Amino acid sequence: MSNSKRLGVIFDLDGVIVDTAKHHFVAWQQLAQSQGWSFTLEDNEQLKGVSRVRSLELILQWNKTQIEPAVFDRLLTEKNERYLSLIADMDPSEQLPDVQRVLQVFKDRCCGIALGSASKNARPILDKIELTPYFDVIVDGTNVSKAKPDPEVFLQAANQLGIDPNNCVVFEDAIAGIQAAKSAGMRAYGIGDPEQLTEADRVFNDFTELDNTFIEQHIIGR
Ligand code: B16
Ligand code: MG
């Protein structure tokens, strides 16, 4: 199949392949408590798909607090150390339901498969849950300068796959990620709540709702 016809399939990581949001929540909450700041589950929802730096900026803003740049950097490091200790024992049982089946269908049909994540911890997480071999390309928070909803992460993934963005589809759980995919000229499938992901072309609660026939007929054979 020539690359002009080949389908590129780009997966977000957190909330699509693995549920790290619960670990990010605990790490941010522990940090907030140590500083006497408030941080709730609702606040955490707003940090999905948002970079680490931007997340801390938002938490400071919500708490009407300003800190010195050196303290900002120290707290970022501290949050990441807490997060890394929380995910230290992550294993393949933390793959979200049916994600491996869906990856295998695209792999069997020779689609280009990429990761497009804001996380700087994406590679070790994929290794821990043993899904790295499925990915032809990994673009993560260490490669991009502009965070979602900027399309940079997905355009880089398409470019590295050698596939036109118009022939790529994205699976995303965050509003900013759906917006990034649409700005990149890609079809965007939401994973999560249809009432939140209103800009997606179609939303599934999770991959158990995405059957092989739909993938074959409506995604690969569109
Ligand atoms: P890290 P995604 C995002 O990953 C998460 O959704 C977001 O909550 C997190 O703050 C961000 O990664 C940065 O993660 O601190 O590991 O670099 O959803 O784009 O895969
Ligand atoms: Mg996500």
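What you see is a predicted model; the values in this text were computed from it and never measured. Atoms within a ligand are numbered from 1 in the order they appear, just like the ligands themselves.
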For Asp173, the N, O or S atom at the shortest distance from the Mg ion (ligand 2) is OD1
among protein heavy atoms, the one nearest atom 3 (C) of ligand 1 is Asp14 OD2, 3.3 Å
Ligand 1 to Ser117, heavy atom cutoff 4.0 Å, flagged ligand atoms 2 (P), 4 (O), 19 (O), 20 (O)
Any N or O of Asn80 closer than 3.5 Å to N or O of ligand 1: no
Considering only heavy atoms from C-beta outward, does the side chain of Gln46 approach that of Leu58 to under 4.5 Å? no
Original post:
Lys79 versus Trp28: any side-chain heavy-atom pair under 4.5 Å?
Top reply: yes
Only one of Leu47, Thr40, Asn44 passes side-chain contact (heavy atoms from CB on, under 4.5 Å) with Phe25, and that residue is Asn44
query: Using a distance-only test with no angle check, is there a side-chain donor-acceptor pair under 3.5 angstrom linking Asp127 and Thr132?
result: yes
contact_flag Gly49 ligand 1 heavy-atom lt 4.0 Å: yes
Are the charged groups of Asp12 and Lys48 less than 4.0 angstrom apart, N to O?
no
heavy-atom search around atom 8 (O) of ligand 1 in the protein gives Leu47 O, 3.1 Å
of all protein heavy atoms, closest to atom 2 (P) of ligand 1 is Asp12 OD1, 2.9 Å
The closest protein heavy-atom partner of atom 19 (O) of ligand 1 is Ala118 N, 2.7 Å
For Thr208 and Asp98 the tightest heavy-atom approach is CA-OD2, 3.6 Å
In Asp14, the N/O/S atom nearest the Mg ion (ligand 2) carries the name O
Could you tell me whether the side chain of Phe207 reaches within less than 4.5 Å of the side chain of Val16, counting heavy atoms only?
-> yes
To the Mg ion (ligand 2), the closest N, O or S atom belonging to Asp12 is OD2
For Lys120, the atoms of ligand 1 under 4.0 Å from one of its heavy atoms are 1 (P), 16 (O), 17 (O)
Under 4.0 Å between heavy atoms, the region of Ser55 that gets near ligand 1 turns out to be side chain
| said: I'd like to know whether Asn80 forms a side chain to side chain donor-acceptor pair (under 3.5 Å) with Thr77, so could you lay out the CA-CA distance, the side-chain angles of the two residues, the decisive distance to 0.1 Å, and finally the verdict. | reply: CA-CA 5 Å; Asn80 197 47; Thr77 304; over 6 Å; no
Any N or O on Ser119 sitting closer than 3.5 Å to an N or O of ligand 1?
-> yes
Salt bridge check, Glu94 against Lys128: does any charged N sit closer than 4.0 Å to a carboxylate O?
no
N/O to N/O below 3.5 Å, does that happen between Arg52 and ligand 1?
yes
Exercise. Measuring from the heavy atoms of Lys148, does anything fall under 4.0 Å of ligand 1?
Worked result: yes
- request: Give the ring-plane orientation class for Phe106 versus Phe11, where under 30° counts as parallel, over 60° as perpendicular and anything between as tilted.
  value: perpendicular
The test is side chain to side chain donor-acceptor pair (under 3.5 Å); show your working for Gln104 and Asp108 and say whether it passes. CA-CA 6 Å; Gln104 191 63 52; Asp108 289 346; 2.8 Å; yes
Near Leu13 (heavy-atom distance under 4.0 Å), the atoms of ligand 1 are 20 (O)
Honestly, for Val50 the part within reach of ligand 1 (heavy atoms, under 4.0 Å) is backbone
So the atoms of ligand 1 within less than 4.0 Å of a heavy atom of Asn121 turn out to be 1 (P), 16 (O)
